2 protein chains.
Amino acid sequence: MKTAKPTILVVNDDGITAHGIKALLEVMSTIGRVVVVAPDSPQSGMGHAITIGKPLRLDKVDIYEGIEMYRCSGTPVDCVKLAVNIVFKGQKPDLCVSGINHGLNNSINVLYSGTMSAAVEGAIEGIPSIGFSLDDYNLDANFSHCLKFVKEVALQVLANGLPVNTLLNVNFPNTNNIKGIKICRQANAKWAEEFDERVDPHKRTYYWLTGEFQLDDAGEDTDSWALAHNYASVVPIQFDMTAHYAIQYLNNWKFNV
Amino acid sequence: MKTAKPTILVVNDDGITAHGIKALLEVMSTIGRVVVVAPDSPQSGMGHAITIGKPLRLDKVDIYEGIEMYRCSGTPVDCVKLAVNIVFKGQKPDLCVSGINHGLNNSINVLYSGTMSAAVEGAIEGIPSIGFSLDDYNLDANFSHCLKFVKEVALQVLANGLPVNTLLNVNFPNTNNIKGIKICRQANAKWAEEFDERVDPHKRTYYWLTGEFQLDDAGEDTDSWALAHNYASVVPIQFDMTAHYAIQYLNNWKFNV
């Protein structure tokens, strides 16, 4: 670990006023110098979206005493890009933490999650990065029981570093009796959608996205298994999306062109 | 290959009126029954975003004769979800194709791209899926020289299927002399951002995202290498983001909690 106090970038997707980021700030303030760049409004489900068709705002705000904070008009990934390039002016922080998300981001949710995409962007920028999420979707979720785990994982990452081009996806069950930490793989799952079809006052149809998480993975080494058994799950994530095992198969195709 | 005419879902991220989707429709109409569900406005850079905070519109439109078309108010991923659940009512199409994107989606761009995220969502739904992109960012890009490759890749996928939980990311160089198709892995790269800082008429600062693609991969088996050498690149993509190789390393950490 560096002997100087580490600099920690804190982001999220629930917005700069969310309880989850406040909880994360409480922990990170005990570890290092904290800088927050977070969306000015909720950005759940934004995935790895970036803002290219319109300009971005980045304004310094005073919310929690002694913490340098900026609110951003863009997505969680925009926040990381602006942090690295405008706030840190290319001087990388020692750690990037995202969350704590109000709701789980295990399994396939890693793709949809703004929280996790911000952490992925941190890793692309070469910063050791971690996304944290709690299985509680309420605005007034209580994060106190997972804070000691948040701190321990952050300290381990600062002390040990992470393998090149990886980051961590950390999820917590909503229980006061977390049994410990399990290193896991992403469970295979999907959302079985059921759109809620309604009619507006002008007689036009509209749809609300809804659905159920459908686990298609009986493995006991998955994040979904760990959470269901009251463990905190830690999944190492990469942003190389190549299905390397499929290359040999495709190399045998004869393209008639 | 099925003997019946295949049903093909066509999506994109440049919007239902883009030249690229028109080009894709021309090809797909020669292969099967085509159904289009595409965004009503450009959605470039939307990544795997979904719409959860507001309702969605899905309206049937008449643009190209003989083709069933719907415009959607949401993201490219929303389009796929609505297509599968509302338009196809759970009866999966035989193929999902996305694009042809106005601009490359090779390498790290797979994460930011709405085009590729729509194809990823198709694969999550269990549909053989392909994203197509051309190295031409102009609204009036000419796609004619890549159409025979588009058709050949689609026919091969229909004939052979794809390994479970994979899809294809297909990119074309902007040349009339495409040398052939190369099966590749995703090149390691990032965007080196340079935000363009400006001042609005009210004296407030705003930022435009800009930047340069920075290739950090000297391999000759990458999509970036293939494109630079005038080959069409085909990368098999997975949506398991676990860095499996990192699990052993993390399993040796001693968590003091």
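Small disclaimer: the values here were computed from a predicted structure and weren't measured. Every chain is numbered from 1 and lettered A, B, ... according to where its sequence line falls, protein lines coming before strand lines.
- Smallest separation of non-hydrogen atoms from B/Y245 and A/N165: OH-O, 4.1 Å.
- Neither the backbone nor the side chain of B/R198 has a heavy atom closer than 4.5 Å to any heavy atom of chain A.
- Only the side chain of A/L168 comes within contact range of chain B, with at least one heavy atom under 4.5 Å from a heavy atom of that chain.
- Heavy-atom distances place the side chain of B/D59, and not its backbone, under 4.5 Å from chain A.
- Listed options A/T75, A/V157, A/V153 were ranked by heavy-atom pairs under 4.5 angstrom with chain B; first place goes to A/V157.
- No other option in B/D78, B/N169, B/T205, B/L167 has as many heavy-atom pairs under 4.5 Å with chain A as B/T205.
- When heavy atoms are compared at a cutoff of 4.5 Å, B/D223 does not approach chain A at all.
- No other option in A/V84, A/N251, A/N160 has as many heavy-atom pairs under 4.5 Å with chain B as A/N160.
- Using a 4.5 Å heavy-atom cutoff, the side chains of B/V110 and A/F239 are not in contact.
- For the atom pair NE2 of A/H48 and OG of B/S113, the computed distance is 11.5 Å after rounding to the nearest 0.5 Å.
- Your options are A/N85, A/D200, A/L209, and the one with the most heavy-atom pairs under 4.5 Å with chain B is A/N85.
- Residues passing the salt bridge (charged side-chain N to carboxylate O under 4.0 Å, His left out) test with A/E193, sequence neighbours excluded: B/K81.
- By the 4.5 Å heavy-atom criterion applied to side chains, A/R204 and B/R57 are counted as neighbours.
- When heavy atoms are compared at a cutoff of 4.5 Å, A/I178 does not approach chain B at all.
- Closest of all the heavy-atom pairs between B/W253 and A/G161 is CZ2-O, 3.3 Å.
- Only the side chain of A/Y249 comes within contact range of chain B, with heavy atoms under 4.5 Å apart.
- Heavy-atom contacts from other residues, nucleotides or ligands closer than 6.0 Å to CD of B/Q248 number 12 or fewer.
- Annotation: maximal heavy-atom pairing with chain B below 4.5 Å, among A/T166, A/N256, A/I52, occurs at A/N256.
- Proximity to chain A (any heavy atom under 4.5 Å) is shown, for B/I247, by both the backbone and the side chain.
- Contact check on A/R185 versus B/D240 returns no salt bridge, with no Lys/Arg side-chain nitrogen under 4.0 Å from an Asp/Glu carboxylate oxygen.
- A donor-acceptor contact shorter than 3.5 Å links the side chain of B/T242 to the backbone of A/Q186.
- Listed by sequence position, A/I124, A/E125 are the residues of residues 122-131 of chain A in contact with chain B, using a 4.5 angstrom heavy-atom cutoff.
- When the candidates A/E194, A/H244, A/K54 are compared by the number of heavy-atom contacts under 4.5 Å with chain B, A/K54 comes out ahead.
- For B/V164, the part lying under 4.5 angstrom from a heavy atom of chain A is the backbone only.
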Let's go through B/I183 and A/F255 carefully: what are the C-alpha distance in whole Å and the side-chain angles of both, what is the deciding distance for side-chain contact (heavy atoms from CB on, under 4.5 Å) to 0.1 Å, and is it a yes or a no?
CA-CA 11 Å; B/I183 309 301; A/F255 291 105; 4.0 Å; yes
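- Looking at B/S44, the atoms closer than 4.5 Å to chain A (heavy atoms on both sides) sit in the backbone and in the side chain alike.
- For the pair B/Q156 (side chain) and A/K254 (backbone), a donor-acceptor distance under 3.5 Å is present.
- With contacts defined as side-chain heavy-atom distances shorter than 4.5 Å, the pair B/P55/A/Y207 does not qualify.
- Interatomic distance, B/E121 CD to A/L111 CG, rounded to the nearest 0.5 Å: 8.5 Å.
- For A/K179, the NZ atom counts as densely surrounded, since its 6.0 Å shell holds more than 12 non-hydrogen atoms of other residues, nucleotides or ligands.
- The part of A/I86 that comes within reach of chain B is its side chain, from C-beta onward, which places non-hydrogen atoms under 4.5 angstrom from that chain.
- Two residues are said to be in side-chain contact when any heavy atoms from C-beta on lie closer than 4.5 Å; A/L56 and B/Y206 fail this criterion.
- Contacts with chain B were tallied for A/Q43, A/E152, A/M46; A/E152 has the most, counting heavy-atom pairs under 4.5 Å.
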